[in-house]
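These notes concern the structure reproduced below.
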Amino acid sequence: MDMTKDMLSAPVKPSSQAKAAATDSAARTIIASEATAREKKTARLRALRLEQEAIQEKAEPAAKSKKPAAARKR
C-alpha cells in the first residue's frame, strides 16, 4: 500500500464556528422535543381535568339537595 500525503497528515480540526453550530443545533433539537412533550402532557392533563369537572357537575345537583346548615333545627 502506498503512503500518501493524506494518510500522514493530521486530521483537520473543525472550526469553532462549526462546533458552535453543531452545539446550537443539538440544543435547539432538545429544547423543541421537550416543549413538544410538555405541550402533549398539558393537553392530556387539561382533558382529564375537564372530564373530572364534567363528572363533578353531574354529581353536584344531588349534593345541593341537602338543606343549608343555617336552616336546620338544633
Side-chain angles (χ1 to χ4, degrees):
M1 179 178 205
D2 293 330
M3 297 296 270
T4 62
K5 184 178 181 180
D6 293 332
M7 296 173 103
L8 296 175
S9 64
V12 179
K13 290 185 176 181
S15 69
S16 61
Q17 289 178 344
K19 287 181 184 179
T23 302
D24 183 59
S25 175
R28 289 182 187 273
T29 302
I30 292 168
I31 291 168
S33 67
E34 288 175 350
T36 302
R38 184 176 54 250
E39 289 169 1
K40 285 181 182 179
K41 182 179 179 182
T42 301
R44 180 179 58 87
L45 291 173
R46 181 177 292 130
L48 288 172
R49 179 179 47 82
L50 292 174
E51 184 179 322
Q52 275 187 335
E53 287 176 356
I55 291 171
Q56 287 178 352
E57 285 177 3
K58 289 179 182 177
E60 202 170 283
K64 285 188 174 182
S65 64
K66 295 181 182 178
K67 292 182 181 179
R72 290 187 210 150
K73 291 183 180 179
R74 291 186 180 192

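The basis for the numbers below is simple: all heavy atoms, side chains too, and nothing from hydrogens, waters or symmetry mates. The first residue of the sequence shown is numbered 1, and numbering continues consecutively from there.
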Where at least one partner belongs to residues 10-22, residue pairs that pass side-chain hydrogen bond (donor to acceptor under 3.5 Å, both in side chains), sequence neighbours excluded: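 Every candidate side-chain hydrogen bond (donor to acceptor under 3.5 Å, both in side chains) pair involving residues 10-22 fails, so no pair, neighbours aside, qualifies.
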
Of all pairs that satisfy salt bridge (charged side-chain N to carboxylate O under 4.0 Å, His left out), the ones with a partner from residues 40-51, not counting sequence neighbours: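 Listed by first then second residue: R49-E53.
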
Which atom of S25 lies closest to which atom of T29, heavy atoms considered: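 Answer, listing the atom of S25 first, then T29: O-OG1, 2.8 Å.
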
Distance (rounded to the nearest 0.5 Å) between L50 CG and L45 CG: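 Nearest 0.5 Å value for the CG-CG distance: 11.0 Å.
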
T36 (side chain) donor-acceptor with A32 (main chain) under 3.5 angstrom: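 Present.
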
Partner set under salt bridge (Lys or Arg N to Asp or Glu O under 4.0 Å) for R28, not counting sequence neighbours: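 Listed in chain order: D24.
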
